[in-house]
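Since this is a predicted model, take the numbers as computed values, not measurements.
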Amino acid sequence: MTIHSAVIQKLLRTNAHLGRRAAENHYKIYTYGSRNGMTIIDSDKTLVCLRSACNFIGNLARENARFLFVNTNPLVDEIIEQMIKSTGCRNDNSWRLGGFLTNSLSPKRFRSRNQKFNLTSVYQPDCVVIFDTERKSSVILEATRLQIPIVGLVDPSMPLETYERITYPVPANDSVEFVYLFCNMITKTIQYEQKKLAAANAKVVKEEEPKIGEAAPPVDTIKIDGINDELLVLPYEGLSPASDDPSEIKELLEKLVVVKINDSEGTKMGFDGPKSAIEISNGLTSLDLLSNYIESLNSQYGCDVPLLLMNDVSTHNETLKIVEKQSNKNIICLVKDQHQENDVKIAFDQKEALLSLKKSGKLDDLLLQGKEFILMLSSDNLAEVVDPNILNHLIKNKTKYCMELEEKFTSTTTMNTWVNINSIANHPQTKLFQPPIAVTVPSSRNLPLEETSDLLIFKSDLYTCDKGILIRNEARKDPDNPTIELGPAFEKAADFESRFKSIPSIIDLDNLKVSGDVWFGNGVILKGFVSINARPGEKIVIPDGAVLENKSINGQQDL
C-alpha cells in the first residue's frame, strides 16, 4: 500500500468526506457529488489542501511565526490545547472579544456588574488557524482587514463571501476525528520545523523532509560508544540564566569539580612530554593557565572548586613537575587506568577517566564533600571556562550528562562535558546517560591546540592572558581567527620557536601560508592574505619591522 492510499484511508475513517448538505456552487470543485442530500467531498482534494496548508504552516514555523488557533467547539478544545502545549505555541484567547485584532494596539478595558477586565494589547499573529470557520466569520473579517493569512476548515454550506477570505481552505467535515488528525499534522509539522530551526542554528546536517502522514524524524543523533542516542540540542541562549548574586553563584560552584583529562602527548609537535606542558603565553603552560583560572574563580566567589588531573602513565611524571610549582592550589593528580570494560557507555575517551575515579574511591570522597557535577575538560582546549548558567540548568533539571558543542559542530566536535557524579557512583552497571543533552556554545569557547599554527595564534598579539583566561584582542574586526598553514619546517615546537625572533602581529591577518626555509625577524606585521614560499635550496628571511599586506613572496628579491 502506498503512502497516498494509507493517508486517504485515514481521511475516510474520520468521515472527512461527508458534507452536511448540498454544496454551494463555489464549493463544487472539492466534491464528487451528493448522496441522500449529503455532499461527498473528494478526499484527494482534501489531501492536496491539507498538504498546502501544512507546508504554509511549516514555512511560518521556520521563521518563528506567531499562530492564533480559533475554535468554539467544546468537543475539540482538549485536542487543540494538547496541540498548543506540544508545539509550544502561545495562543491568545482575546479573539473571543470583538476587535481583538483591529484594536490590538490599544489595551482593552471591559466592565461588568461584578468585575473589571483590563487586557493588554495583543501581538498580531502571523497566521490564524480556524477549526469552525462557519461560526467565526467575525474573526475571519478582522484577519482579512489586517491581511493576516487564514487556514481554515471549510464546509459545503459556507457562503462565498466567507470562503473567499480564507487563504488556505481545507475542505472536510469538522468531525472530532478529523480535527484530531488535522491537529496531529499541524503538531508534527511545527515540531519538525522547530527541530530543523534548532539544528540550523547549530549547523546540523539538513534532515530529509517528512511526507504528510508520516512521523517527523528524531532530533539530531550522535553515536555514543557504538549506540545511537537521541540527542537534544539546546541553544545556549535558551538556558535560564543563573542569579547575579555572588552568594548564589558560590552555592552553585561549591557543587562542582573540574577534571582535566591530561593524556595527550606533544609528540605531533616534537615535544617530549604532555601537550599541557607546552608554553603558551609569557612562560605559562596551558596547565598553568587552567590552575590560575580555577584559583581566580575560587578567590572571586569564595568557593572551593578542586582541579583533578587524570593523567596517562606517559604524562604523569612530567605533570607532577608542573604541579609542584602550584603547591598552594587545590590540584590533585591521578593516573588514569586502562580499563577494558564495556558495561558503561560514555561518550568518547572519558570512560576510563570516570571509572578510574570510581575505582580510586575519589567519587565517594567528592560526594561526601557535597559535590554533584564533574566538568570534564578536553586536553586540547585552551578556553576552558566554568559557566554557571549551564551548571544551574543541569542542577535544576537533574540532568545526568551534557556535552558542550560548538555552534559549527559535527557529530564528533565536543568541547567540555558535564557529568552527574551520582550517576557514576551509584549506577555503574547501567546505561548512565539517557537521554543525553547538548548545549551549543560560541566558537570562541573552543581554542584547541593541535599544531604549531595554533601556537602561533595564541602566542601572537591576537590573545592576551588575564587570570588564566586567553582574551581575544578586541582590535580584530573579523570574528574568526586567521587561517594559518605552516610547512614541515615549522612542524616541531623547537623549530617553530627558533624561526621566530618574535611572533608577528596578526591582528589584521586573514590567511597565512608558509612553506620552505623561512625565518622571521622582530616586529613583523602580517595583514590580509600573505603567502611565503621558499624554493628548495633557498632561504627567505623576513627582515625586522617588515609589513606584509596581501603579498605573495617566492624569493628574497620579492621583499
Could you check if a side-chain atom of [X] sits within less than 4.5 angstrom of a side-chain atom of [Y], using non-hydrogen atoms only?
X: Pro306; Y: Lys371; result: yes
X: Ser296; Y: Gln300; result: no
X: Ile471; Y: Ile469; result: yes
X: Met376; Y: Asn416; result: no
X: Ile421; Y: Glu372; result: no
X: Leu548; Y: Ile532; result: yes
X: Asn59; Y: Glu193; result: no
X: Leu377; Y: Thr417; result: no

Could you measure the distance from the [atom1] atom of [X] to the [atom2] atom of [Y]? Nearest 0.5 Å is fine.
X: Lys398; Y: Asn422; atom1: NZ; atom2: CG; result: 11.0 Å
X: Ile506; Y: Ser460; atom1: CD1; atom2: OG; result: 3.0 Å
X: Leu375; Y: Ile294; atom1: CG; atom2: CD1; result: 8.0 Å
X: Leu253; Y: Lys255; atom1: CG; atom2: NZ; result: 10.5 Å
X: Lys362; Y: Leu367; atom1: NZ; atom2: CG; result: 11.5 Å
X: Leu394; Y: Leu256; atom1: CG; atom2: CG; result: 10.0 Å

For the pair [X] (side chain) and [Y] (backbone), establish whether a donor and an acceptor sit closer than 3.5 Å, ignoring hydrogens and angles.
X: Glu254; Y: Gly370; value: no
X: Asn392; Y: Pro388; value: no
X: Lys527; Y: Asn550; value: no
X: Gln194; Y: Ala61; value: no
X: Asp544; Y: Asn522; value: yes
X: Gln556; Y: Val541; value: yes
X: Asn292; Y: Lys467; value: no
X: Arg476; Y: Leu509; value: yes
X: Ser299; Y: Glu295; value: no
X: Tyr236; Y: Asn389; value: no

Please name the pair of heavy atoms, one in [X] and one in [Y], separated by the smallest distance, quoted to 0.1 Å.
X: Asn554; Y: Ile540; value: C-CD1, 4.1 Å
X: Ala534; Y: Val518; value: CB-CG2, 4.0 Å
X: Pro482; Y: Leu462; value: CD-CD2, 3.7 Å
X: Arg472; Y: Pro479; value: NH2-O, 3.4 Å
X: Gly516; Y: Ala489; value: O-CB, 3.6 Å
X: Asn298; Y: Val305; value: OD1-N, 2.8 Å

Distance only, no hydrogens: is a donor on one side chain within 3.5 Å (strictly under) of an acceptor on the other, for [X] and [Y]?
X: Thr285; Y: Asp288; value: yes
X: Asn397; Y: Thr399; value: no
X: Asp517; Y: Trp519; value: yes

### Message
Counting only heavy atoms not in Glu549 (residues, nucleotides, ligands), do more than 12 fall under 6.0 Å from its CD?
### Response
yes

### More than 12 heavy atoms from other groups under 6.0 Å of CG on Asn282
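Atom CG in Asn282 is not crowded, with 12 or fewer foreign heavy atoms closer than 6.0 Å.
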
### Trp418 and Glu404: CA distance, side-chain angles, deciding distance, side chain to side chain contact (heavy atoms under 4.5 Å, CB included) verdict
CA-CA 8 Å; Trp418 304 75; Glu404 291 183 22; 3.0 Å; yes

### Query
Just one of Ile503, Leu512, Ile484 clears the side chain to side chain contact (heavy atoms under 4.5 Å, CB included) bar with Ile457, so which one?
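Per the side chain to side chain contact (heavy atoms under 4.5 Å, CB included) rule, the option paired with Ile457 is Ile484, out of Ile503, Leu512, Ile484.
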
### Task
Determine, for Lys459 against Glu497, whether the closest basic-nitrogen to carboxylate-oxygen distance falls under 4.0 angstrom.
yes

### Task
Go through the steps for Tyr401 and Asn420 under the test side chain to side chain contact (heavy atoms under 4.5 Å, CB included), then give the verdict.
CA-CA 6 Å; Tyr401 182 71; Asn420 187 292; over 6 Å; no

### Message
Do Arg499 and Phe520 form a cation-pi contact, if we require the NZ or CZ to be under 6.0 Å from the six-membered ring centre and within 45 degrees of the ring's axis?
### Response
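Geometry flag: not set, cation outside 6.0 Å or 45°.
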
### Query
For Ser247 and Asp245, what are the C-alpha separation, side-chain angles and deciding distance, and is it a side chain to side chain donor-acceptor pair (under 3.5 Å)?
CA-CA 5 Å; Ser247 62; Asp245 187 347; 2.9 Å; yes

### Query
When you look at Ile280 and Leu449, which way does the side chain to side chain contact (heavy atoms under 4.5 Å, CB included) test go after all the steps?
CA-CA 10 Å; Ile280 302 296; Leu449 175 61; 3.7 Å; yes

### Message
Under the criterion side chain to side chain contact (heavy atoms under 4.5 Å, CB included), I'd like the reasoning laid out for Tyr293 against Val386: C-alpha separation, chi angles, the key distance, then a yes or no.
### Response
CA-CA 9 Å; Tyr293 168 70; Val386 176; 3.7 Å; yes

Can you name the residues that form a side chain to side chain donor-acceptor pair (under 3.5 Å) with [X], not counting sequence neighbours?
X: Tyr463; result: Asn481
X: Thr464; result: none
X: Ser531; result: none

